[in-house]
Chemist: 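Can you keep this structure in mind? I'll have questions shortly.
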Amino acid sequence: MSHGLPDFYRGVDIAYQALSEMIARPKYGVAHGIQGQVKVTKNAETTLVTVSGKGMLYGGFVWLDHDASQKACRVNIYTDGNRLTYRMFWELEKYNLIAEHAPVAYLLKCDETEFIYCVGLSYGYTFEESLVVKYSEEAGGTPMVLCELAFALV
Amino acid sequence: MLFEVRGITIWKDGTDKYVRIVARKDHNNMYVSIERKANVPITRELIMAEATGHYGIPAEDIVWPHHIKVIDI
(Lines give C-alpha, C1' and ligand atoms only; values in the text may rest on other atoms or scores of the structure.)
Protein backbone atom coordinates (compact mmCIF):
# COMPACT_ATOMS: atom_id res chain seq x y z
CA MET A 1 0.00 0.00 0.00
CA SER A 2 1.39 3.38 -0.92
CA HIS A 3 1.56 6.01 1.73
CA GLY A 4 3.00 9.41 2.29
CA LEU A 5 2.63 12.54 0.26
CA PRO A 6 2.21 12.55 -3.53
CA ASP A 7 5.34 13.09 -5.60
CA PHE A 8 4.20 16.52 -6.66
CA TYR A 9 3.88 17.64 -3.07
CA ARG A 10 7.23 18.88 -1.89
CA GLY A 11 8.58 21.33 0.56
CA VAL A 12 10.38 24.47 -0.50
CA ASP A 13 14.15 24.26 -0.46
CA ILE A 14 15.17 27.70 0.79
CA ALA A 15 18.89 26.97 0.47
CA TYR A 16 18.36 25.96 -3.14
CA GLN A 17 16.46 29.22 -3.69
CA ALA A 18 13.56 27.32 -5.11
CA LEU A 19 11.38 30.41 -4.70
CA SER A 20 12.17 33.41 -6.88
CA GLU A 21 10.69 35.72 -4.29
CA MET A 22 9.37 35.40 -0.78
CA ILE A 23 7.62 38.23 0.98
CA ALA A 24 7.39 38.18 4.74
CA ARG A 25 5.14 40.81 6.23
CA PRO A 26 3.26 41.22 9.44
CA LYS A 27 -0.48 40.97 8.94
CA TYR A 28 -2.20 43.05 11.53
CA GLY A 29 -5.66 42.99 10.06
CA VAL A 30 -7.97 45.87 9.36
CA ALA A 31 -6.88 49.36 10.36
CA HIS A 32 -9.50 51.56 11.96
CA GLY A 33 -9.75 55.10 13.20
CA ILE A 34 -12.27 56.78 15.42
CA GLN A 35 -12.68 60.25 16.81
CA GLY A 36 -14.88 61.10 19.73
CA GLN A 37 -15.53 63.52 22.55
CA VAL A 38 -17.08 63.06 25.95
CA LYS A 39 -18.02 65.50 28.68
CA VAL A 40 -16.46 63.61 31.54
CA THR A 41 -17.81 63.18 35.05
CA LYS A 42 -16.00 65.10 37.78
CA ASN A 43 -13.86 63.14 40.21
CA ALA A 44 -14.48 59.93 38.31
CA GLU A 45 -13.07 57.82 35.53
CA THR A 46 -14.98 58.17 32.27
CA THR A 47 -14.64 55.81 29.34
CA LEU A 48 -13.88 57.47 26.01
CA VAL A 49 -13.55 54.45 23.71
CA THR A 50 -13.83 50.68 23.99
CA VAL A 51 -12.53 48.22 21.43
CA SER A 52 -13.41 44.56 21.83
CA GLY A 53 -11.39 42.12 19.78
CA LYS A 54 -7.83 41.10 19.08
CA GLY A 55 -5.48 43.66 17.64
CA MET A 56 -2.96 46.40 18.13
CA LEU A 57 -2.88 50.06 19.01
CA TYR A 58 -1.38 52.07 16.17
CA GLY A 59 -1.52 55.46 17.88
CA GLY A 60 -3.68 58.45 18.59
CA PHE A 61 -4.05 61.25 21.07
CA VAL A 62 -6.34 62.54 23.79
CA TRP A 63 -6.72 66.25 24.39
CA LEU A 64 -8.80 68.84 26.19
CA ASP A 65 -9.10 72.58 26.41
CA HIS A 66 -10.66 73.54 29.75
CA ASP A 67 -11.21 76.66 31.84
CA ALA A 68 -9.46 75.39 34.95
CA SER A 69 -6.47 73.27 35.82
CA GLN A 70 -6.57 69.57 35.05
CA LYS A 71 -2.94 68.91 35.92
CA ALA A 72 -3.87 66.29 38.51
CA CYS A 73 -5.83 64.28 35.97
CA ARG A 74 -4.71 61.54 33.62
CA VAL A 75 -5.48 59.47 30.58
CA ASN A 76 -5.70 55.74 31.29
CA ILE A 77 -5.14 52.99 28.76
CA TYR A 78 -6.30 49.46 29.51
CA THR A 79 -5.49 46.40 27.42
CA ASP A 80 -7.38 43.23 28.31
CA GLY A 81 -8.42 44.89 31.53
CA ASN A 82 -4.84 45.72 32.52
CA ARG A 83 -3.95 49.33 33.13
CA LEU A 84 -0.86 50.57 31.29
CA THR A 85 -0.77 54.22 32.36
CA TYR A 86 -0.29 55.87 35.74
CA ARG A 87 1.10 59.40 35.43
CA MET A 88 -0.90 62.61 35.78
CA PHE A 89 -0.36 65.54 33.44
CA TRP A 90 1.81 67.41 35.95
CA GLU A 91 4.06 64.39 36.43
CA LEU A 92 4.45 63.92 32.69
CA GLU A 93 5.49 67.55 32.44
CA LYS A 94 7.71 67.64 35.53
CA TYR A 95 9.71 64.59 34.46
CA ASN A 96 9.60 65.50 30.76
CA LEU A 97 7.91 62.25 29.75
CA ILE A 98 7.47 63.28 26.14
CA ALA A 99 8.94 60.30 24.32
CA GLU A 100 6.74 57.68 22.74
CA HIS A 101 6.65 54.42 24.75
CA ALA A 102 8.04 56.20 27.80
CA PRO A 103 5.25 56.15 28.92
CA VAL A 104 2.42 54.54 26.91
CA ALA A 105 0.49 57.81 27.04
CA TYR A 106 3.25 60.39 26.58
CA LEU A 107 2.97 64.13 26.99
CA LEU A 108 2.39 66.39 24.03
CA LYS A 109 1.13 69.47 25.86
CA CYS A 110 0.50 70.59 29.42
CA ASP A 111 -0.33 74.29 29.47
CA GLU A 112 -1.23 75.53 32.94
CA THR A 113 -1.98 79.03 31.64
CA GLU A 114 -4.44 78.16 28.87
CA PHE A 115 -5.43 74.84 30.52
CA ILE A 116 -4.71 72.83 27.39
CA TYR A 117 -3.60 69.22 27.84
CA CYS A 118 -2.72 66.53 25.37
CA VAL A 119 -1.13 63.09 25.41
CA GLY A 120 -0.11 60.87 22.52
CA LEU A 121 -0.79 57.14 22.50
CA SER A 122 2.14 54.90 21.66
CA TYR A 123 2.27 52.49 18.77
CA GLY A 124 2.47 48.75 19.08
CA TYR A 125 0.53 47.69 22.17
CA THR A 126 -1.35 44.53 21.38
CA PHE A 127 -4.52 43.26 22.97
CA GLU A 128 -6.22 39.87 22.96
CA GLU A 129 -9.66 40.92 24.17
CA SER A 130 -10.04 44.65 24.65
CA LEU A 131 -8.53 48.09 24.40
CA VAL A 132 -10.13 50.81 26.52
CA VAL A 133 -9.25 54.50 26.78
CA LYS A 134 -10.48 56.38 29.85
CA TYR A 135 -10.05 59.81 31.40
CA SER A 136 -9.56 60.03 35.13
CA GLU A 137 -10.84 63.42 36.31
CA GLU A 138 -9.55 64.32 39.75
CA ALA A 139 -9.84 68.11 39.86
CA GLY A 140 -13.57 68.52 40.29
CA GLY A 141 -14.22 69.66 36.75
CA THR A 142 -16.26 68.43 33.80
CA PRO A 143 -14.16 69.13 30.74
CA MET A 144 -14.99 67.96 27.26
CA VAL A 145 -12.28 65.42 26.49
CA LEU A 146 -11.54 64.51 22.89
CA CYS A 147 -9.93 61.40 21.54
CA GLU A 148 -8.60 60.23 18.22
CA LEU A 149 -7.52 56.61 18.00
CA ALA A 150 -5.98 54.38 15.33
CA PHE A 151 -5.85 50.62 15.79
CA ALA A 152 -5.91 47.35 13.94
CA LEU A 153 -8.14 44.32 14.42
CA VAL A 154 -7.06 40.85 13.37
CA MET B 1 -22.40 32.45 4.22
CA LEU B 2 -19.84 33.13 6.92
CA PHE B 3 -20.06 36.12 9.19
CA GLU B 4 -17.50 36.12 11.96
CA VAL B 5 -17.37 39.07 14.33
CA ARG B 6 -13.79 40.25 14.73
CA GLY B 7 -14.23 43.45 16.71
CA ILE B 8 -16.70 45.83 18.31
CA THR B 9 -15.78 49.45 18.90
CA ILE B 10 -17.96 51.77 20.95
CA TRP B 11 -17.35 55.48 21.44
CA LYS B 12 -19.14 58.76 22.03
CA ASP B 13 -19.03 61.91 19.99
CA GLY B 14 -20.69 64.55 22.09
CA THR B 15 -24.01 63.21 23.27
CA ASP B 16 -24.27 60.46 20.66
CA LYS B 17 -22.94 56.94 21.02
CA TYR B 18 -21.57 55.03 18.06
CA VAL B 19 -20.91 51.35 17.45
CA ARG B 20 -18.76 49.79 14.76
CA ILE B 21 -18.93 46.07 14.11
CA VAL B 22 -16.00 44.59 12.22
CA ALA B 23 -16.44 41.15 10.75
CA ARG B 24 -14.93 38.66 8.39
CA LYS B 25 -17.44 37.72 5.77
CA ASP B 26 -17.61 34.83 3.36
CA HIS B 27 -14.22 33.19 4.05
CA ASN B 28 -12.63 36.35 2.77
CA ASN B 29 -9.57 38.05 4.16
CA MET B 30 -11.19 41.42 3.55
CA TYR B 31 -13.18 42.57 6.53
CA VAL B 32 -16.45 44.43 6.46
CA SER B 33 -17.68 46.93 8.96
CA ILE B 34 -21.05 48.31 9.99
CA GLU B 35 -21.17 51.59 11.86
CA ARG B 36 -24.28 52.90 13.57
CA LYS B 37 -25.31 55.64 15.91
CA ALA B 38 -26.93 53.87 18.86
CA ASN B 39 -27.99 55.83 21.92
CA VAL B 40 -29.17 52.68 23.68
CA PRO B 41 -27.44 50.04 25.80
CA ILE B 42 -25.27 48.01 23.46
CA THR B 43 -25.69 44.26 23.87
CA ARG B 44 -24.64 41.18 21.99
CA GLU B 45 -28.25 40.61 20.97
CA LEU B 46 -28.47 44.08 19.50
CA ILE B 47 -25.32 43.54 17.48
CA MET B 48 -26.48 40.16 16.22
CA ALA B 49 -29.78 41.71 15.19
CA GLU B 50 -28.00 44.48 13.33
CA ALA B 51 -25.77 42.01 11.47
CA THR B 52 -28.81 39.92 10.58
CA GLY B 53 -30.74 42.95 9.41
CA HIS B 54 -27.90 44.42 7.38
CA TYR B 55 -26.68 41.27 5.65
CA GLY B 56 -29.66 38.99 5.98
CA ILE B 57 -27.61 36.39 7.80
CA PRO B 58 -29.52 34.11 10.20
CA ALA B 59 -28.43 34.55 13.78
CA GLU B 60 -27.33 30.93 14.00
CA ASP B 61 -24.89 31.53 11.15
CA ILE B 62 -23.10 34.39 12.90
CA VAL B 63 -19.82 33.28 14.45
CA TRP B 64 -19.06 35.03 17.70
CA PRO B 65 -15.52 34.19 18.98
CA HIS B 66 -15.26 33.75 22.70
CA HIS B 67 -12.80 36.61 23.14
CA ILE B 68 -15.23 39.18 21.78
CA LYS B 69 -17.16 40.88 24.57
CA VAL B 70 -19.37 43.93 24.37
CA ILE B 71 -17.94 46.69 26.56
CA ASP B 72 -20.60 49.37 26.63
CA ILE B 73 -19.94 52.94 27.72
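Predicted, not measured: the structure shown is a model, and the values here were computed from it. A, B, ... follow the sequence lines: proteins, then strands. Residue 1 opens every chain.
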Chemist: At their closest point, which heavy atom of A/Leu153 faces which heavy atom of B/Arg6, and how far apart are they?
Modeler: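 That would be CD2-O, 4.2 Å.
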Chemist: Among residues 118-139 of chain A, which ones touch chain B with a heavy-atom distance under 4.5 Å?
Modeler: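 Residues of residues 118-139 of chain A touching chain B at under 4.5 Å: A/Glu128, A/Glu129, A/Ser130, A/Val132.
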Chemist: Considering only heavy atoms, which portion of B/Thr15 lies under 4.5 Å from any heavy atom of chain A: side chain, backbone, both, or neither?
Modeler: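 Looking at B/Thr15, nothing touches chain A.
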Chemist: Are B/Ile21 and B/Leu46 linked, directly or through intermediate hydrophobic residues, by side-chain heavy-atom contacts shorter than 4.5 Å (ILVMFWY only)?
Modeler: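 The answer is yes; both residues are in one hydrophobic cluster.
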Chemist: Restricting to non-hydrogen atoms, name the atom on A/Ser52 and the atom on B/His67 that form the minimum distance, rounded to 0.1 Å.
Modeler: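 Result for this residue pair: OG-O, 4.3 Å.
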Chemist: With clusters defined by side-chain heavy atoms of hydrophobic residues (ILVMFWY) lying less than 4.5 Å apart, directly or transitively, does A/Tyr106 cluster with A/Tyr58?
Modeler: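 Per the 4.5 Å side-chain linkage, A/Tyr58 and A/Tyr106 are not co-clustered.
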Chemist: Might you confirm whether atom OH of A/Tyr95 has over 12 heavy atoms from other residues, nucleotides or ligands at distances under 6.0 Å?
Modeler: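 Check fails, neighbour count at 12 or below.
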Chemist: Should we count NZ of B/Lys17 as having more than 12 external heavy atoms under 6.0 Å?
Modeler: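 Yes - once you tally the heavy atoms of other residues, nucleotides and ligands closer than 6.0 Å, there are more than 12.
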Chemist: So what's closer than 4.5 Å to chain B heavy atoms on A/Lys54: side chain, backbone, both or neither?
Modeler: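 Both the backbone and the side chain of A/Lys54 come within 4.5 Å of chain B.
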Chemist: So, do A/His32 and B/Ser33 sit near enough that their side-chain heavy atoms are less than 4.5 Å apart?
Modeler: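 A side-chain contact exists here, since the closest heavy-atom pair is under 4.5 Å.
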Chemist: More than 12 heavy atoms of other residues, nucleotides or ligands under 6.0 Å from CD of B/Glu60: yes or no?
Modeler: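 More than 12 heavy atoms, drawn from other residues, nucleotides or ligands, come within 6.0 Å of this atom.
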Chemist: Same cluster or not: A/Val49 versus A/Tyr78, using hydrophobic residues (I, L, V, M, F, W, Y) connected whenever any side-chain heavy atoms lie under 4.5 Å apart?
Modeler: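 No: no chain of side-chain contacts under 4.5 Å links A/Val49 to A/Tyr78.
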Chemist: Indicate yes or no: at least one non-hydrogen side-chain atom of B/Thr9 is less than 4.5 angstrom from one of A/Thr50.
Modeler: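 B/Thr9 does not reach A/Thr50 side chain to side chain.
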Chemist: Heavy-atom count check: over 12 atoms from other residues, nucleotides or ligands less than 6.0 Å from B/Lys69 NZ?
Modeler: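 Correct, the count exceeds 12.
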Chemist: Find the one option among A/Val38, A/Ile34, A/Asp80 whose heavy-atom pairs under 4.5 Å with chain B are most numerous.
Modeler: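 Going by pairs under 4.5 Å, I would pick A/Ile34.
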Chemist: Answer with yes or no whether the hydrophobic clustering places B/Phe3 together with B/Ile47; edges join I, L, V, M, F, W, Y residues whose side-chain heavy atoms lie under 4.5 Å apart.
Modeler: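 Yes, same cluster.
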Chemist: Treating Ile, Leu, Val, Met, Phe, Trp and Tyr as nodes and any side-chain heavy-atom pair under 4.5 angstrom as an edge, say whether A/Ile77 and A/Leu146 lie in one connected cluster.
Modeler: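 Per the 4.5 Å side-chain linkage, A/Ile77 and A/Leu146 are not co-clustered.
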Chemist: Distance-only, no hydrogens or angles: does the B/Trp11 side chain make a donor-acceptor pair with backbone N or O of A/Gln35 under 3.5 Å?
Modeler: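 Answer holds: yes.
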